[in-house]
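Take a look at the structure below.
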2 protein chains.
Amino acid sequence: MTSATNTANLERPLRKDAAQHRQQLLAAAVQVFDEQGLDASVTEIARVAGVGIGTLYRRFPTKDALIDALVREILGATIQMARDAVRAPDGTGLERFLEASSAYQAEHAGCLPRLWNTDHEMVKTARQLIAKLLVDAKKHDRIRHDLTSTDLSLAMFSLLGVLEATLPVAPDAWRRHLDLLIAGMRPAALNLPHRALSTASLDKVLATHIPTVAAR
Amino acid sequence: MTSATNTANLERPLRKDAAQHRQQLLAAAVQVFDEQGLDASVTEIARVAGVGIGTLYRRFPTKDALIDALVREILGATIQMARDAVRAPDGTGLERFLEASSAYQAEHAGCLPRLWNTDHEMVKTARQLIAKLLVDAKKHDRIRHDLTSTDLSLAMFSLLGVLEATLPVAPDAWRRHLDLLIAGMRPAALNLPHRALSTASLDKVLATHIPTVAAR
DNA sequence: CTCTATACGGAGAGATCACTCCGCTTAGAC
DNA sequence: GTCTAAGCGGAGTGATCTCTCCGTATAGAG
């Protein structure tokens with residue numbers, strides 16, 4: 001499964017012009033998906049990038065592959081933010097991470113529906129780091145002890161819902177919603193009434209979530 | 001704007017067979033949109049309903065009109081649940097409503113992305129009722145006083161995000177997330193750090209939210 | 001400068017979709 | 001039973017999308 005056409009693989013270095021076109025295409029895709037959603041046509045992306053469709057398809061064998069490359073970029077940045085947050089000494093890492101990653105996602109909203117959808121190793125890595133952040137936050141009593149890491153996954157879907165709805169008009173509205181979520185995560189006398197989602201179920205959720213483009 | 005082809009208008013009573021086909025089409029649409037999302041083809045809906053495409057298009061002049069009819073059904077039910085909740089005497093109306101309407105939406109998930117998107121009178125009505133529920137809940141000190149009704153709108157987008165992600169695999173996961181949201185809504189010493197969305201902005205959000213199908 | 005592997009553009013193939021049109025059928029009033 | 005307004009089915013239209021193919025252009029090694 002460690003296939004080709006991924007990120008900056010060292011399979012064979014691209015010719016200089018080709019490498020530049022690749023970057024132009026990625027940038028154009030971010031912009032176009034952001035403005036029009038994942039249903040935007042590849043023709044439009046090529047136009048914005050200033051290259052032909054043929055060029056796009058040599059670089060990314062399929063529209064999905066292009067989206068996938070973008071998703072990898074976002075996941076990579078997210079993982080980096082989680083790593084940084086782990087180093088926070090006072091148990092605030094989780095909160096910092098949620099704020100930072102949401103802010104980043106707000107600026108790369110185009111392909112968010114696909115973010116957690118794929119079976120990348122990266123998703124697992126991200127989830128493990130987030131779980132670590134949660135443990136640490138509990139240790140410092142900043143987060144209620146009956147909160148699970150699956151709850152955090154749900155919280156990210158939740159933020160995604162808010163982002164998708166509000167982003168074009170109120171680009172900061174998600175911050176207020178995150179306030180509310182974190183308020184709910186604080187330690188409290190009463191436990192949350194319902195049982196948390198099992199990690200097995202969550203795995204299935206992530207494997208299923210929104211086919212949108214895939215089914216063509 | 002009080003146009004034709006709406007719900008059970010009394011413009012001219014439909015012929016008996018036609019009325020029945022209309023119901024079959026609505027039921028089929030619920031099922032198909034639920035399984036395949038709003039991108040499902042109208043041909044498929046007609047097939048499931050057991051009628052021809054022509055029949056579908058005489059009853060609903062456009063795919064959008066069909067979706068709209070479904071949205072009206074959901075909104076109607078939602079408004080009814082809000083009305084019921086207003087009658088709760090102990091300030092628990094808001095919580096009851098959130099639980100009941102989410103449960104209902106979980107069973108009509110197909111066209112949720114369009115739920116709050118349209119400019120119906122019904123949306124305004126629903127929002128007014130929800131605002132009333134909020135006031136009442138604050139009066140009984142069940143909900144923090146710095147929570148606004150726009151926060152509740154964000155919470156509904158949030159639930160929608162969770163529903164869309166989890167529904168097929170974990171049909172009850174939203175309950176746990178609602179627990180978390182409500183925990184955050186409870187009175188607390190500290191105010192939420194960020195300012196709430198203004199109602200004017202929220203209006204724009206609702207007017208913009210996800211074109212998905214409209215733009216064809 | 002030469003030469004070739006690599007890259008480029010974009011017309012067009014093939015699918016799929018929403019929607020229309022029209023000849024046939026039928027509910028239901030009389 | 002008759003008659004007709006209302007309803008029906010589904011082939012066909014035109015738009016749009018992803019992806020392919022191939023003649024042309026060029027980077028860059030020798």
Side-chain angles (χ1 to χ4, degrees), chain A residues 4-5 8-26 28-29 32-33 35-70 110-111 114 211-216, chain B residues 4-5 8-26 28-29 32-33 35-70 110-111 114 211-216:
Chain A
T5 326
N9 258 351
L10 18 148
E11 303 219 329
R12 288 274 161 166
L14 287 176
R15 227 167 68 177
K16 199 176 66 179
D17 53 345
Q20 189 192 338
H21 287 157
R22 186 176 193 279
Q23 290 309 315
Q24 288 170 355
L25 281 165
L26 285 172
V32 171
F33 285 145
E35 290 167 359
Q36 309 187 24
L38 284 177
D39 286 342
S41 76
V42 290
T43 315
E44 173 70 4
I45 293 174
R47 202 187 57 75
V48 170
V51 304
I53 330 164
T55 303
L56 186 154
Y57 272 94
R58 178 159 314 88
R59 225 36 69 206
F60 304 97
T62 218
K63 184 180 178 180
D64 262 22
L66 173 57
I67 296 174
D68 213 60
L70 293 179
C111 39
R114 293 297 206 83
T212 317
V213 185
R216 280 261 179 188
Chain B
T5 327
N9 258 352
L10 17 148
E11 301 219 333
R12 290 274 160 165
L14 286 177
R15 226 168 69 177
K16 201 176 65 179
D17 52 345
Q20 190 193 336
H21 287 155
R22 187 176 192 279
Q23 291 308 316
Q24 289 171 354
L25 281 165
L26 285 173
V32 172
F33 285 145
E35 290 167 357
Q36 309 187 23
L38 283 178
D39 287 341
S41 76
V42 290
T43 315
E44 173 70 2
I45 293 173
R47 201 186 57 75
V48 170
V51 304
I53 329 164
T55 303
L56 186 155
Y57 272 95
R58 179 160 311 91
R59 227 35 70 205
F60 304 96
T62 217
K63 184 179 180 180
D64 261 21
L66 173 58
I67 296 173
D68 214 59
L70 294 179
C111 39
R114 293 295 207 84
T212 317
V213 184
R216 280 260 178 189

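In what follows, chains carry the letters A, B, and so on, assigned in the order in which the sequence lines appear, proteins first and then strands, with residues in each chain numbered from 1.
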Close side-chain approach of B/Leu26 to B/Arg22, heavy-atom, < 4.5 Å: yes
Phosphate OP1/OP2 of C/dA18 contacted by B/Lys63 side-chain N/O (<4.0 Å): yes
Side chain A/Arg15 and base C/dA7 donor-acceptor under 3.5 Å: no
Touch class at under 4.0 angstrom, heavy-atom based, for A/Ala40 against every strand present: sugar-phosphate
Rounded distance in Å - CG (B/Asp39) to P (D/dT16): 17 Å
Between C1' of D/dT18 and CZ of A/Phe60, the distance in whole Å: 16 Å
Presence of B/His21 side-chain N/O under 4.0 Å of D/dG7 phosphate oxygens OP1/OP2: no
Residues which pass side chain to side chain donor-acceptor pair (under 3.5 Å) with A/Glu44, listed by chain and number, not counting sequence neighbours: A/Arg47
B/Lys16 NZ to C/dT25 P, straight-line distance once rounded to whole Å: 21 Å
Non-hydrogen side-chain atoms of B/Leu66 and B/Tyr57 separated by less than 4.5 Å: no
Phosphate OP1/OP2 of C/dA7: any A/Thr55 side-chain N/O under 4.0 Å: no
Heavy-atom check, side chain of B/His21 versus side chain of B/Leu14, under 4.5 Å: no
Separation of atom CG in B/Leu38 from atom P in C/dC17, rounded to whole Å: 14 Å
Gap between atoms CZ and P, on A/Arg58 and D/dA25 respectively (whole Å): 15 Å
Distance test, side-chain N/O of B/Arg59 to OP1/OP2 of D/dC8, below 4.0 Å: yes
B/Gly54 vs A/Leu56, nearer the 5' end of DNA chain C by closest nucleotide: A/Leu56
Listed nucleotide nearest any side-chain atom of B/Asp17, set D/dG7, D/dT20, C/dA7: D/dG7
Interface residues of residues 42-53 of chain B with DNA chain D (non-hydrogen, below 4.0 angstrom): B/Val51, B/Gly52, B/Ile53
Side chain A/Lys63, main chain A/Leu38, donor-acceptor under 3.5 Å: yes
Beyond-backbone contact of B/Leu25 with B/Val48, side-chain heavy atoms, under 4.5 angstrom: no
Interatomic distance, A/Leu14 CG vs D/dT26 P [rounded to whole Å]: 19 Å
Integer-rounded Å distance: D/dA6 P and B/Arg22 CZ: 18 Å
Minimum side-chain heavy-atom gap B/Phe60-B/Val42 below 4.5 Å: no
Rounded interatomic separation in angstrom, taking OH from A/Tyr57 and C1' from C/dA7: 18 Å
